[in-house]
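Labels below follow one simple rule: chain letters A, B, ... track the order of the sequence lines, proteins then strands, and each chain is numbered from 1.
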Protein chains: 2
Amino acid sequence: MASGAEGIVDVTKPSPTARERIVAGAADMISRRGLNATSIRETAKHARAPLGSTYHYFPEGKQQLATEAVRFTGAWAARSLRRELEAGPVAGLRAFLDLWRGIVVDSDFRAGCPVLAVSIEEPPAGETPTALAAAAGVFEEWEGLLAGSLREHGVEPEQAAQLATLIVAAVEGTVAMCRAKRSTQPLDHTAAQLQALVLGAITD
Amino acid sequence: MASGAEGIVDVTKPSPTARERIVAGAADMISRRGLNATSIRETAKHARAPLGSTYHYFPEGKQQLATEAVRFTGAWAARSLRRELEAGPVAGLRAFLDLWRGIVVDSDFRAGCPVLAVSIEEPPAGETPTALAAAAGVFEEWEGLLAGSLREHGVEPEQAAQLATLIVAAVEGTVAMCRAKRSTQPLDHTAAQLQALVLGAITD
DNA sequence: GCGGCTTTATGACAGTCGTTATAAAGCACG
DNA sequence: CGTGCTTTATAACGACTGTCATAAAGCCGC
């Protein structure tokens, strides 16, 4: 059975609740198949939870589940990013890259970023689904963390914001390219370029 | 009705055949909803072609249609890229960025890149769908064009290859971020950073 | 033990999906 | 006129979808 979710699940908690398992499993499945191809039935089965439970925990249905999956992944990456950024932007960048490299490699190039997957689903006319808004928020959180660290190391605010956007966008795009090519070479290329870029931007 | 396909269709050809309309429409729909959410029925309706015609022109079904849609988009972007790169890597980069900016803006942040959309669909166990392989080929073609131009302007081969990967990945990721945020600001950030990067890398 | 809440279980609804089969229509060529 | 090929039309197949309703089970504090 698909076992990629374990990479995202917080292993410090020994026995996650059924609700947490559903969210983590949904994040994993969305990162593999996209939002539309992820059915609530399989999500429940993947978490060994009954279908009824899904609508018990997420009464607003699929949108709510997707929204929580996006936020879950966002917080998971932000946690790691925040921790590693204490050692500076280069260390944070490396951690961010390694995080997604792990997802891609461990899944044999079958999983990626669920936030990206949700971002490229066409919203219904006239409205913005909560999951899409959550994806925008996650991107902003990641960018904010990176930009803040860059500023703390002497990068001008505007330059820091631009560079943070580039980092997040490049990593997301690179993960997708790695999946298509079934190779980590794009990640190697992007890592080298981004590291040199950050090194040249900071003042220490 | 959705009218984003016109941006991709070659307007120099006055009356595209039914087959071409189906492919262009499929590329547009995949760029909006992803591969799985794009049904053959709607693809046919979108191209004002009967469902039966779809299986007449694409006897291998959805995979074949997706493959041709990916290649179609890849060739369309490569054509523009090749033309603008004659004026140098900076001009090529700008054209590549503007190309996708147009898709995003004209669709009111509802469309993106179908190549990326196909790249993030989980392949069936053990095999690589032709559409996914086509996506990898398109990425490689775009990277090759950019890297070649960079080399012609004095960039070392390895550096050129890495920078080309970064450009393609960043643009793809940025387009997705623009859709989530419903804003072109990510593209502005990425454009500024990539332009400065290319300018600093070339020798003229 | 026992009400009252949370969670699970089961089944059904109307709809869409990819795909195939079969037949009708359009149409160029001799 | 007719023959043969391309294209369209229509219907059907089994499978899957999100969602909801309803009932059973589990489990808490009292």
Side-chain angles (χ1 to χ4, degrees), chain A residues 1-2 15-30 32-70 114 117-118 121-125 127 129-132 134, chain B residues 2 15-30 32-70 114 117-118 121-125 127 129-132:
Chain A
M1 222 47 80
S15 61
T17 75
R19 193 184 198 282
E20 289 170 321
R21 269 179 310 157
I22 294 174
V23 171
D28 177 58
M29 293 180 57
I30 292 172
R32 295 170 180 269
R33 339 222 266 224
L35 177 53
N36 199 284
T38 297
S39 78
I40 291 194
R41 275 176 175 81
E42 286 199 46
T43 299
K45 199 167 298 181
H46 185 271
R48 276 187 289 286
L51 173 61
S53 295
T54 306
Y55 280 91
H56 173 71
Y57 291 119
F58 311 96
E60 285 162 60
K62 193 173 184 175
Q63 265 300 315
Q64 184 184 0
L65 180 52
T67 303
E68 298 212 19
V70 166
V118 166
E121 303 262 344
E122 186 175 44
E127 53 187 308
T130 62
L132 189 60
Chain B
S15 61
T17 75
R19 193 183 197 281
E20 289 170 322
R21 269 181 305 149
I22 293 174
V23 172
D28 178 58
M29 292 179 58
I30 292 172
R32 295 169 180 269
R33 341 223 265 224
L35 177 53
N36 199 285
T38 297
S39 77
I40 290 194
R41 278 176 174 80
E42 288 199 44
T43 298
K45 200 167 298 181
H46 185 271
R48 274 188 289 287
L51 175 61
S53 295
T54 307
Y55 280 92
H56 173 71
Y57 291 118
F58 311 96
E60 285 162 60
K62 192 173 185 176
Q63 266 299 315
Q64 185 184 359
L65 180 51
T67 303
E68 298 212 20
V70 166
V118 166
E121 303 261 345
E122 186 175 43
E127 54 187 307
T130 62
L132 189 58

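Counting heavy atoms from C-beta outward, Val23(B) and Tyr57(B) have side chains that stay 4.5 Å or more apart. Thr43(A) is listed as a side-chain neighbour of Leu65(A), based on a closest heavy-atom distance under 4.5 Å. Counting heavy atoms from C-beta on, the side chains of Arg19(A) and Phe58(A) come closer than 4.5 Å. At least one side-chain heavy atom of Asp28(A) sits less than 4.5 Å from a side-chain heavy atom of His46(A). Side-chain atoms of Ile22(A) and Glu68(A), non-hydrogen and from C-beta on, never get closer than 4.5 Å to each other.
At distances below 3.5 Å, not a single donor-acceptor pair connects side-chain atoms of Glu121(B) with backbone N or O atoms of Gly34(A). With hydrogens and angles disregarded, a donor-acceptor distance shorter than 3.5 Å links the side chain of Arg21(A) to the backbone of Ala47(A).
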Protein-to-nucleotide contact annotation, 5' to 3' order, nucleotides 6-22 of chain C [B base; S sugar-phosphate only; - none; under 4.0 Å, heavy atom]: SBBS--B----BBBB--
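Atom NZ of Lys45(A) and atom P of dG18(D) are 12 Å apart (whole Å).
Contact detail for Pro114(A) and Ala27(A): the closest heavy-atom pair is CB-O, 3.6 Å.
An angle of 10°, rounded to 10°, separates the two end axes of the helix from dG1(C)-dC30(D) to dG30(C)-dC1(D), each defined over five pairs.
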